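Below, each value reflects all heavy atoms present in this structure, side chains not excepted, and no hydrogens, waters or symmetry copies. For clarity, every value in this text was computed on a predicted model and none was experimentally measured.
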Amino acid sequence: MSTWWAQKLIVEYEQARGVRGAGARPDGTFSGGASKRVGAPVAELFRAVTEASERERWLPGVQLTERTATAGRSARYDVSDGSRIAFTMRALGDDRAEIAAEHERLPDAEAAAHACQAWKDRLATLKAVVES
């Protein structure tokens, strides 16, 4: 059995018994996020995430510091509050792509639940921006 599958089984076991809440990470922090399919090429999506002026159109007022980025695949950022955001993208064809945002290092389950809803809203706005 791979270590990934072993960890997945441990997490599911702990969640089923109420030991670990939804979105809880092994270090005691939480994460939450969302994903969205978009009618635009993955390169356009990547540009909207990694270029600050484009990002401001759908994620206004959020100050991010880039940690790492892989063209057309992923971008990771530090947020000024100590949390982190990871974006992953994949092409679904020439004119379609999918993006996922995961907000990490959140303090509690309530913040993780809020992050899930907030990212659903932000990714819907991103979809509108890149499809226009």
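Nearest heavy atom pair, residue S83 against residue E104, reads CB-O, 3.2 Å. For the pair F30 and A112, the tightest heavy-atom approach, listed with the atom from each and the gap, is CB-CB, 3.9 Å. Nearest heavy-atom pair, G32 versus C116, reported as atom, atom and distance to 0.1 Å: CA-SG, 3.8 Å. Between S35 and E98 the shortest heavy-atom distance is OG-OE2, 4.5 Å. The two atoms that bring V49 and A75 nearest to each other are CG1-CB, 4.1 Å, heavy atoms only.
The 12-atom threshold is not exceeded at CD of E110, counting heavy atoms of other residues, nucleotides or ligands nearer than 6.0 Å.
Between T125 and L59, every side-chain heavy-atom pair lies at or beyond the 4.5 Å cut-off. Side-chain contact check for L106 versus H114: every heavy-atom pair is 4.5 Å or farther apart. Side-chain atoms of L64 and D78, non-hydrogen and from C-beta on, never get closer than 4.5 Å to each other. R122 has its side chain within reach of P60: a pair of non-hydrogen atoms, C-beta onward, lies under 4.5 Å apart. Between T70 and F46 there is no side-chain heavy-atom pair separated by less than 4.5 Å.
For the atom pair CG (D81) and CD (Q63), the distance works out to 12.0 Å, reported to the nearest 0.5 Å. Taken from CD in E102 to CZ in R84, the straight-line distance is 12.5 Å, to the nearest 0.5 Å. To the nearest 0.5 angstrom, E66 atom CD is 11.5 Å from R76 atom CZ. Going from atom CD of E131 over to atom CG of L45 covers 10.0 Å, rounded to the nearest 0.5 Å. Interatomic distance, F87 CZ to R55 CZ, rounded to the nearest 0.5 Å: 7.5 Å. Taking CH2 of W58 as the start and CG of L123 as the end, the distance is 6.0 Å to the nearest 0.5 Å.
Without hydrogens or angle criteria, E56 side chain to G61 main chain gives a donor-acceptor distance under 3.5 Å. Side-chain N or O atoms of K127 include one that pairs as donor or acceptor with a backbone N or O of R37 at under 3.5 Å.
Put simply, L92 and M89 are part of two different groups of oily side chains (I, L, V, M, F, W, Y) that touch within less than 4.5 Å, one to the next.
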Discussion item. side-chain contact (heavy atoms from CB on, under 4.5 Å), that's the test. Do L126 and V38 meet it? Break it down for me.
Written reply: CA-CA 9 Å; L126 170 61; V38 176; 5.5 Å; no
